[in-house]
Amino acid sequence: MISSDAAVITVCGELDTDTGLALQHQLAGQVVHGRRHLVLDLADVPFMDSSGLRVIVRTVSEMRSIDGSVSLAAPSEVVRRVLDLTGVGMTCQIFDSADAACEALLGRKDEVPDRTAYDTVDR
């Protein structure tokens, strides 16, 4: 958690049909608990298919409806290519690291966020 209304979610493993729904539930839980700004750390996601993409697009839409935001951090080359080809990069900010995303969200560089890990490999 970055602050009471923001959190970093570290996603680990492939983001596909088998794991997308579980991640969607995890992200929805963040909203239920009052988070309006999410940073999705994708550094440990080697692969993402259309199901994973759908989770991100849906989350961006839901967060916008409550005046919130979604930032994506550290996508691999493969994942970044999917984001760029589909235009998702135009709907939310993409940062080189989770720390850079948090700095932009907080507007200051002196805080290091706590992180919530979500491992898609075991789902």
Side-chain angles (χ1 to χ4, degrees):
M1 184 171 67
I2 302 169
S3 66
S4 62
D5 71 342
V8 175
I9 308 297
T10 302
V11 184
C12 301
E14 293 184 355
L15 190 48
D16 56 21
T17 302
D18 295 333
T19 59
L21 184 59
L23 178 60
Q24 181 66 43
H25 288 291
Q26 172 71 19
L27 298 175
Q30 293 293 325
V31 175
V32 167
H33 288 96
R35 309 295 186 268
R36 290 184 28 214
H37 305 283
L38 299 177
V39 173
L40 300 183
D41 185 347
L42 304 175
D44 293 325
V45 177
F47 172 81
M48 179 174 67
D49 70 6
S50 62
S51 299
L53 190 63
R54 185 174 39 252
V55 169
I56 292 173
V57 169
R58 184 173 183 179
T59 303
V60 168
S61 177
E62 290 172 358
M63 297 307 279
R64 283 188 174 167
S65 73
I66 60 170
D67 293 323
S69 66
V70 175
S71 298
L72 306 178
S76 68
E77 246 181 75
V78 172
V79 172
R80 179 64 187 245
R81 182 160 168 79
V82 170
L83 296 170
D84 289 343
L85 287 173
T86 58
V88 172
M90 297 178 73
T91 64
C92 59
Q93 289 187 295
I94 301 176
F95 294 88
D96 290 336
S97 70
D99 288 342
C102 293
E103 289 168 6
L105 184 60
L106 295 171
R108 57 182 177 264
K109 296 184 178 185
D110 59 341
E111 295 193 27
V112 177
D114 291 334
R115 297 175 185 262
T116 300
Y118 179 76
D119 189 353
T120 59
V121 174
D122 296 327
R123 303 281 179 229

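Along the sequence shown, residues carry numbers from 1.
- Here the shortest heavy-atom pairing between Asp41 and Ala74 reads OD1-CB, 4.2 Å.
- Closest approach of Val8 to Ala98, counting heavy atoms only: CG1-CB, 4.5 Å.
- Atom CD1 of residue Ile56 and atom OG of residue Ser51 lie 11.5 Å apart, to the nearest 0.5 angstrom.
- Contact between Val55 and Thr59 at its shortest, heavy atoms only, is O-OG1, 2.7 Å.
- To the nearest 0.5 Å, atom CG of residue Leu83 and atom CG of residue Leu53 are 6.5 Å apart.
- For Thr91 (side chain) and Val57 (main-chain N/O), no donor-acceptor pair under 3.5 Å exists by modelled atom type.
- Residues satisfying the side-chain hydrogen bond (donor to acceptor under 3.5 Å, both in side chains) test with Ser76, not counting sequence neighbours, are none.
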Is there a side-chain contact (heavy atoms from CB on, under 4.5 Å) between Met63 and Gln30 once you walk through the steps? CA-CA 11 Å; Met63 297 307 279; Gln30 293 293 325; over 6 Å; no

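- Within the 4.5 Å cutoff, the side chain of Ile66 has no heavy atoms near those of the Glu62 side chain.
- For Asp49 against Asp16, the heavy-atom pair with the smallest separation is OD1-CA, 3.2 Å.
- At a threshold of 4.5 Å between non-hydrogen side-chain atoms, the residues Leu105 and Ser71 do not count as touching.
- Counting heavy atoms of neighbouring residues, nucleotides and ligands inside a 6.0 Å radius, atom CG of Asp84 exceeds 12 of them.
- By the side-chain contact (heavy atoms from CB on, under 4.5 Å) test, Arg81 is found to be paired with Leu85, residues two or more places apart in sequence or in another chain being considered.
- A pairwise comparison of heavy atoms in Val70 and Cys92 identifies O-CB, 3.1 Å as the closest pair.
- Atom OG of residue Ser4 and atom NE2 of residue His33 lie 13.5 Å apart, to the nearest 0.5 angstrom.
- The two residues Ser69 and His37 have their closest heavy-atom pair at OG-ND1, 2.8 Å.
- In this structure, Val79 is not a member of the same hydrophobic cluster as Phe95, with clusters built from ILVMFWY side-chain heavy atoms closer than 4.5 Å.
- In this structure, CG on Leu23 lies 12.5 Å from CZ on Arg54, to the nearest 0.5 angstrom.
- In this structure, Leu27 and Leu40 have side chains that are in contact, with non-hydrogen atoms separated by less than 4.5 Å.
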